[in-house]
> 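Pasting a structure here, questions to come.
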Amino acid sequence: MVMTSVFPPVLSSRRKLAAERAAAARQALMNCHLCAHRCGVNRLAGEHGLCHAGATARIFSAQVEVSDELELIPTFAIALSGCDLRCAFCITGLQSWNAGAGELLDVSLLARRAEEALEKGARTIMILGGEPTIHLPAALQIVSVLPNDARLVWKTNAHGSAPSRELLTGLFDVWLADYKFGNDDCAQRLARVSNYNEVVRENLLWAAGDSELIVRHLLMPGHVECCWQPVAEWLSAELPEVKVNLRAGFWPAWQSARHAELRDCVPRAEAARAWDIARELELNLVE
Amino acid sequence: MNSEPTKPDLMSELLIMPDGKIYAHNLTPEMAAVLSELNPSDETIKQRAITHVDAETKKLLPAGWDSNPSQP
């Protein structure tokens, strides 16, 4: 049987296209609307929006990893510092809440390391954060030096804006997107973000048409009914074929202790209930 | 002379709970191999650890050793 993909292969001129778009993305920093906060600050002039990121990007990790989805690993994961969300339970809070963490980006060195990783068997190259969308110029610059045939993964919180999506169109083979909160109250309380669900849903629907999409949900203790269930129901209704990775490995990192329900791991019974919901809704679960 | 401490090239983070359960983050192939040795019956980790097998070792393994059950 011949398998075909509904998505065209990424453009053979991806490097060139990414370089052109990197320049456009840098211009966009003058009136930053890269994420859905749409702060409108001039990052090129030293102004900072809610993410506190400036005009230059830093990385806090670049290594081969095997903790992501099985179909993506081993992946050479490039983590950019800083994020536009403020998730209390962030596993990389120190670097994700601080765009100044890590080392200045050296694109040439990164390209060499990525190619070496591919030669040694890495299946994909993943650009993540923090949140890479807030560093779109740098992310596109990275893409512009990666091999055209490398399988690229965009790991995102799905809180980007329409202009950002436009600059990302057709460049990545896979969008690996978080859908963290099933209601806006939890999103506001735990990640200081408003209008979360509308933004994420818009991004997910768009991403499903642009590339392969894998949606992740990190199960949080005490949030099965309020967060996972509505997320699962929406995915089942709107993106019934989409790959979903339900992750139950929550650990109380960073500022989790500020929230009573986040001071422990996910109880076994809650995890079981979450899996039941996934099965009942016939989600396309992946590991 | 540069006296600044050097940052490790690779980093994984582990959380070991009182019940012995281990949570891992930023799992490198090397750490996956260690965890798989600790608990060979854990298929989740095993699947991740085998991605690290080098080319020479692969030749010695039986056909289908790396089949991925999540793939169609």
Side-chain angles (χ1 to χ4, degrees), chain A residues 1 3 59-79 89-95 101-103 109 113 116-117 119-124 126 128 214 218 241 243-245 247-254 256 264-268 271 284-287, chain B residues 2-61 63-72:
Chain A
M1 186 173 68
M3 298 291 288
I59 62 168
F60 65 90
S61 177
Q63 63 184 10
V64 174
E65 296 182 4
V66 293
S67 42
D68 295 286
E69 283 68 10
L70 290 172
E71 64 194 85
L72 304 177
I73 61 169
T75 187
F76 184 70
I78 301 166
F89 50 87
C90 182
I91 200 78
T92 57
L94 203 60
Q95 299 92 349
E103 299 164 2
L109 175 63
R113 291 187 59 198
E116 188 180 298
E119 284 166 12
K120 288 185 175 176
R123 204 182 293 179
T124 59
M126 183 181 296
L128 69 155
I214 301 173
L218 174 64
E241 304 297 324
K243 293 175 181 173
V244 180
N245 187 352
R247 302 200 132 194
F250 178 94
W251 89 47
W254 192 230
S256 293
D264 207 341
C265 299
V266 177
R268 198 179 294 264
N284 181 14
L285 294 172
V286 297
E287 284 182 59
Chain B
N2 184 357
S3 61
E4 286 185 16
T6 52
K7 188 184 165 198
D9 287 338
L10 303 173
M11 185 177 287
S12 293
E13 290 176 89
L14 301 179
L15 177 67
I16 305 175
M17 302 304 287
D19 64 359
K21 189 178 284 182
I22 300 175
Y23 292 84
H25 173 62
N26 285 3
L27 192 62
T28 59
E30 291 81 359
M31 183 56 77
V34 170
L35 294 176
S36 190
E37 286 288 319
L38 285 173
N39 186 4
S41 63
D42 187 330
E43 290 298 325
T44 306
I45 285 294
K46 193 175 185 178
Q47 286 174 326
R48 298 174 189 283
I50 59 177
T51 64
H52 182 49
V53 176
D54 61 50
E56 288 307 306
T57 309
K58 280 180 187 174
K59 293 175 188 169
L60 306 174
L61 294 169
W65 67 275
D66 60 347
S67 62
N68 183 344
S70 74
Q71 298 295 308

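Sequence lines set the chain letters: A, B, ... in the order given, protein chains first and strands last, and positions in each chain run from 1. Here the structure is a predicted model, which is why all the values come from computation and not from measurement.
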> Can you measure from CZ (A/Arg268) to NZ (B/Lys21) and round to the nearest 0.5 angstrom?
5.0 Å
> Can you confirm whether A/Thr92 sits close enough to B/His25 that some side-chain heavy atom of one is under 4.5 Å from a side-chain heavy atom of the other?
yes
> Roughly how far, to the nearest 0.5 Å, is OG of A/Ser67 from CE of B/Met31?
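Between atom CE of B/Met31 and atom OG of A/Ser67 there are 11.5 Å.
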> Quick check: closest heavy atoms across B/Tyr23 and A/Cys265, and the distance to 0.1 Å?
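Smallest interatomic distance, heavy atoms only, reads OH-CB, 3.4 Å.
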> How far apart are the closest heavy atoms of B/Ala32 and A/Val66, and which atoms are they?
CB-CG2, 3.7 Å
> Would you say the side-chain atoms of A/Gln63 pair up with the backbone N or O of B/Met11, donor to acceptor, closer than 3.5 Å?
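It does hold such a pair.
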> In chain order, what residues pass the side-chain hydrogen bond (donor to acceptor under 3.5 Å, both in side chains) check against A/Asp68, with sequence neighbours excluded?
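side-chain hydrogen bond (donor to acceptor under 3.5 Å, both in side chains) check on A/Asp68 returns A/Arg216.
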> Which heavy-atom pair separates B/Gln47 from A/Glu287 by the least distance, and what is that distance?
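Nearest heavy atoms, B/Gln47 then A/Glu287: OE1-OE1, 3.7 Å.
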> Please state whether the side chain, the backbone, both or neither of B/Met17 comes within less than 4.5 Å of a heavy atom of chain A.
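Looking at B/Met17, just its side chain touches chain A.
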> Quick check on A/Asn284 against chain B: is it the side chain, the backbone, both or neither that has a heavy atom closer than 4.5 Å?
neither
> Select, from B/Leu15, B/Ile45, B/Thr44, the one with the greatest count of heavy-atom pairs under 4.5 Å involving chain A.
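The answer is B/Leu15.
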